[in-house]
Amino acid sequence: MQCGLCTSSCPLGDAMEYPPRRIIAEAWNNSLERVIHSPSVWMCVGCYTCSLRCPREIDLTDTVWPAVRDYALQEGIQPPPELRTAFQNLYLYGNVFGYSPRKRLDWARNLEVTVRDLSKSPEPVEVLWLVGCYPSYHPRNQVVARDMARILTALGVRWGILGKEERALGDCDRLFGEEGLFEMLVENNRRLFERFKFEKIVLLDPHAYRALEKFYPRFGASFPAEHYTTFLASRLDQIRPWLKKPINARVTYHDNCCVGRRCLCFDPPRQLLQAIPGVELVEMKRNREHALCCGGGGGGMWLDAFITEHGGRRLSDVRIQHALETGADILAVSCPFELSRFEDAVKVARAEDRLKVRDIIELLADSMGLGEGGGR
Amino acid sequence: MNILAVVRLVPDLVEPLVVTAEEDNLNWDQTAFTLNESDDHAVEEAILLKEKYGGHVSVVAFDFGDIDQVLYMLAAKGVDRVIKISWSHDEPPNSLEVARTLSRLVPKLNVDLVVIGCQSHTEFLGMAGPQLAVALNWPYVGVVRGVQEGGTAGRWTAFKEYPGAVLAQMEVSLPAVLGILTASQPPRYVPVSRIRAAAQSVRFETADTPAEIEEPPVKIQRVYLPPAVTHAEMLTGSEAEVAQRLVDILLARGVLK
Ligand code: SF4
Ligand code: SF4
């Protein structure tokens, strides 16, 4: 149809030599060879805006881009160095950082609630919680992991984790055309999950949730899964009596792309925030399906230098201005990437005294009197 | 040109190193291994030379740890022939064992050039390359950052790094051993699908028994982890004060003169 809506909607479309519409035109002309030698091939950050807006429902994000990148990799085109390192780390260690799998449980050291490590003592649980790479290893996100453990325990959920056996689910690698790496992770994870008895998997990482929900079943790995926002929102009646400490603040919420735009799930995170006494929820000018991506998805997390060089901006720096315009005191997020990206962006904007970035889990835990930031 | 690249596994520092109770060695049972970084560069340089000038690249490795996975990856990158030398110990071979074993193997392989990482953190002073060259009676150039055809009288040119940012262009007659620091470009990334395909198709060849050395000429006296130092000074004050304090520290430590 070549309407061009994909390109005009893309937050980096103006900076791409080959934006989505042109890629399709080049594919028609059998000249994808040109595309794979252009920096454009690494510039899509998997925000799903083009896919959502395409009137022909062409799934550019999940289908066209990975196919072009797979072609590039098979032709020997080298991914930018940070992305290459992330791939190698995933292949060797099962996490993007290249840290020891034995350190997966470091976040829970000295935690006062009981952590059921199923890799040590397998027992049936209600919730298999996949903690994720960032909450396991990244110090700022480890706080969120601990608060989540406290909330699950307070709600009486019988939960367990996979400890040092947990590995990344893989999503960014799939979006970046590393199908073989994704398949390897799926096979390993399928064998791992099948060893345990659980009712559902709960995840903090929306990208991992999306991969498990949509792409794992294609490899015969179907497991019931929920992102934590919908899981906790479905238990709001149980949570409400705990929410005693007011958080007197204006809060704006950034819809992450995978749970938000891709799964059209906009209300549960807002319901959680609005249940907290004292919270005044304000919306950014671009919200819900029109929210601007933080730039971290689809491997963008490891392409900041590359995208800034070729695109001239970091999307998180643009998005933080939207949050500041609302006059909010707190930017609430529900994705482990966003915490670090937006905290950096707040520093870049020199707005540390005006705006704090907090995961919804932290705000809930604070109001429940359980959180590390809430003076337990 | 026929090139042989030597690859060695070294302790993977992603995992904490464990020392034996006697403090006489690492506890090899509890050690994870990874490909020695400069050997990875040596293979890359070999593949680049093959792509530029034609020929074949063989890789040889001692068979322990997860060496098969490493060899599949190298095969996926473009290595033509993979040779494994049996090795029944948990501890990697020392440099003399590497050199003596290979000095028996290399003459049977019709090789023009041997490339090996110029160092590995399981050996003293990066000796495996020079020891192999001595055993073969071939020339050796170490700390090499790139190789090309085109010296006088059929010799090849190796670019060797010296301290003080000096890069020397050295002519070397073949056959030779080169100790590679870095390849002319970073080791290439190969998609995992290629590695998995290589795992299905690659056939390993096995070579002679290794030359083991009962009494190594260099004996380790004690192995211990460096004591942890937990001192950090937080610099406070205005930007100018912090900058001045930083300059003072750098001057005091001799970093700035
Ligand atoms: S992919 Fe969809 S949005 Fe893009 S040009 Fe084609 S029809 Fe339009
Ligand atoms: S997914 Fe987002 S970043 Fe990628 S091409 Fe589509 S609109 Fe652009």
Side-chain angles (χ1 to χ4, degrees), chain A residues 36 41-42 66-104 106 133 137 164 167-168 170 172-188 219 299 302 350, chain B residues 7 9-18 27 29-37 39-41 43-44 47-48 50-52 65-79 182-202 225 232 239:
Chain A
I36 62 173
V41 80
W42 309 113
V68 173
R69 289 159 164 177
D70 176 49
Y71 175 46
L73 287 173
Q74 297 299 336
E75 288 298 301
I77 305 289
Q78 293 295 297
E82 302 98 308
L83 186 65
R84 200 183 317 171
T85 306
F87 284 164
Q88 269 158 352
N89 288 337
L90 277 168
Y91 178 64
L92 293 173
Y93 307 109
N95 67 77
V96 290
F97 299 103
Y99 290 157
S100 165
R102 290 186 211 168
K103 293 185 179 161
R104 274 253 174 205
D106 280 8
C133 295
Y137 293 113
K164 61 181 168 43
R167 296 290 182 273
C172 300
D173 35 312
R174 178 188 58 78
L175 283 175
F176 261 86
E178 234 306 7
E179 267 294 326
L181 179 55
F182 182 65
E183 277 177 38
M184 186 193 88
L185 292 168
V186 173
E187 281 169 24
N188 293 347
F219 297 89
W302 302 280
R350 293 184 175 260
Chain B
V7 296
L9 293 182
V10 292
D12 189 344
L13 302 180
V14 158
E15 300 291 355
L17 295 176
V18 183
N27 191 331
D29 269 358
Q30 295 182 37
T31 304
F33 289 96
T34 188
L35 173 59
N36 181 38
E37 193 179 344
D39 290 346
D40 194 10
H41 280 267
V43 176
E44 181 64 33
I47 296 171
L48 290 170
K50 177 182 102 166
E51 286 170 351
K52 201 163 170 191
D66 243 351
I67 192 68
D68 287 4
Q69 289 305 319
V70 170
L71 295 174
Y72 294 144
M73 191 248 296
L74 299 179
K77 288 185 179 192
V79 163
T182 56
S184 311
Q185 65 185 46
R188 67 197 65 195
Y189 181 80
V190 273
V192 173
S193 56
R194 289 271 173 91
I195 301 176
R196 297 176 112 198
Q200 303 299 321
S201 60
V202 169
L225 299 175
E239 280 177 16

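Atoms considered below: every heavy atom in the structure, side chains included; atoms not considered: hydrogens, waters and symmetry mates. Per chain, numbering begins at 1; letters A, B, ... match sequence-line order.
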Closest heavy-atom pair and its distance - A:Leu181, B:Val192: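 Looking at all heavy atoms of both residues, the shortest contact is N-CB, 3.5 Å.
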If I compare all heavy atoms of A:Leu73 with all of B:Pro191, which pair ends up nearest, and what's the gap?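 Minimum heavy-atom contact is O-CG, 3.7 Å.
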Chain B/chain A interface donor-acceptor pairs under 3.5 Å:
residue, atom, partner, partner atom, Å
B:Asp12, OD1, A:Tyr93, OH, 3.2
B:Asp12, OD2, A:Tyr93, OH, 2.5
B:Glu15, OE1, A:Ser100, OG, 2.6
B:Glu15, OE1, A:Arg102, NE, 3.4
B:Glu15, OE2, A:Ser100, OG, 3.1
B:Tyr189, N, A:Gln78, OE1, 2.6
B:Tyr189, O, A:Gln78, NE2, 3.2
B:Tyr189, OH, A:Glu178, OE2, 2.6
B:Val192, N, A:Glu178, OE2, 2.8
B:Ser193, OG, A:Gln74, NE2, 3.0
B:Arg194, NE, A:Gln74, OE1, 3.3
B:Arg194, NH2, A:Gln74, O, 2.6
B:Arg194, NH2, A:Gln74, OE1, 3.4
B:Arg196, NH2, A:Glu187, OE1, 2.7
B:Arg196, NH2, A:Glu187, OE2, 3.4

Please classify the contact between A:Pro79 and chain B as side chain, backbone, both or neither, with a heavy-atom cut-off of under 4.5 Å.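 Contact with chain B: side chain only.
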